[in-house]
Amino acid sequence: MPIPTPLTSGKPNSRMPLPPQLPVVPTGSNPAVVLRRRAARRLTAALGVTLAVLPLTALSSTARAAPRADPSGSGICQSSLYPHLAAVLSADIARAHAGRKSTIAFTLWDAEKQLSCADNANRRFDSASVVKVTIMGALLRRAEEGHRLLTAVETKNLRLMIIKSDNAAATTLWNSLGPACLGRFLQLAGMRDTVLSPGKTWGLTQITAIDEMKQLDVFASESTVLSPSDRGYGLKLMSQVQADQRWGAPHGVPAGIRVQVKNGWAPRATRGWRIHSLGVFTGTGRNYRMAVLTDNNATKAYGVDTIQRIAAIVHHDLNVR
């Protein structure tokens with residue numbers, strides 16, 4: 001029986017067919033560390049997992065452009081400061097993937113350790129509710145450009161959309177912004193691979209893990225797309241997401257680390273459940289973020305478990321090793 005197609009939050013909406021997958025051209029290459037590249041290739045061949053790597057750029061620990069996938073196959077993770085940790089994390093993430101039926105895309109950036117990871121980062125997925133972070137960014141940017149505060153109605157809908165993942169509030173804001181404002185935010189954030197869904201079907205926006213990391217950069221780094229106060233406000237709302245929606249990327253986070261999260265979930269007749277999780281994690285000496293996108297999940301629980309296997313490893317390796 002075909003699975004109904006809610007935009008998110010398990011609330012049925014449209015049954016429109018999955019938009020056609022657009023071709024993805026990999027960007028960049030990374031010439032670093034030939035010996036580690038060879039070792040990583042042997043690891044990927046043994047595990048049967050397709051890996052990609054992010055090049056590092058010499059920027060500050062708080063301000064950095066979003067990572068770019070490397071098609072050369074030299075490993076999932078890299079860090080010039082902590083190369084051993086990057087190698088261990090690469091192997092641990094590959095093991096977390098092993099045997100999973102989910103299609104998985106993953107990006108990670110640890111600002112303090114200057115460590116970046118990417119796996120399948122250019123593959124497109126239906127956004128489900130993680131596009132609500134895009135709607136939030138576009139709304140805040142529009143108000144800034146208009147030299148005004150959010151209206152009372154905008155504030156109410158924004159809070160409902162992020163904290164409760166309310167679909168009606170998201171639709172109201174989506175329609176208010178329109179493709180021009182939404183597209184301008186994507187352009188400013190450098191989210192060139194994201195394709196806005198036409199009409200009101202915002203949950204069918206096409207996203208990639210690399211663009212979702214760029215989106216998190218807007219809120220969690222010294223980005224100029226939004227003012228410091230608006231960046232802080234966006235993260236505050238993500239820190240207040242209701243308890244039953246705080247699964248996924250926060251799984252296994254150590255005590256004392258502040259969690260900011262936005263998840264998305266939507267079943268469709270093809271490729272099963274879309275289950276995604278975005279997380280920003282901050283605290284004393286800690287500043288890292290991850291985006292995990294999945295589809296081809298038989299159930300919501302299976303997709304959540306896939307993400308949480310990866311999240312638990314990330315939190316352990318970054319905070320214990």
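Rounding to the nearest 0.5 angstrom, the gap separating the CZ atom in Arg192 from the CD1 atom in Ile210 is 10.5 Å. Here the CG-CG distance, from Leu140 to Leu158, works out to 6.0 Å after rounding to the nearest 0.5 Å.
Between Phe281 and His315, the two ring planes are perpendicular [angle over 60°; tilted spans 30° to 60°].
Checked against Glu145 for a salt bridge (Lys or Arg N to Asp or Glu O under 4.0 Å), the options Arg142, Arg141, Arg148 give a single hit: Arg141. Partner of Asp305 under the salt bridge (Lys or Arg N to Asp or Glu O under 4.0 Å) criterion, chosen from Lys101, Lys300, Arg100: Arg100.
Checking Asn263 against Ser277 by side-chain atom types alone, a donor-acceptor pair falls below 3.5 Å. In this structure, a donor-acceptor pair under 3.5 Å is absent between the side chains of Thr306 and Thr294.
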Output side-chain donor-acceptor pairs under 3.5 Å for residues 247-255, partner residues at least two apart or in another chain, one line each.
none

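Between Asp126 and Arg271 there is no salt bridge, since no side-chain nitrogen of the basic residue lies less than 4.0 Å from a carboxylate oxygen of the acidic one. A salt bridge links Asp295 with Arg123: at least one charged nitrogen is closer than 4.0 Å to a carboxylate oxygen.
Nearest heavy atom pair, residue Glu212 against residue Leu278, reads OE1-CD1, 3.4 Å.
For Arg286 and Tyr288, the positive end is not near the middle of the six-membered ring at less than 6.0 Å and at most 45° from its axis.
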Would Trp202 and Thr171 count as a side chain to side chain donor-acceptor pair (under 3.5 Å) here? Give the steps.
CA-CA 8 Å; Trp202 41 262; Thr171 298; 2.9 Å; yes
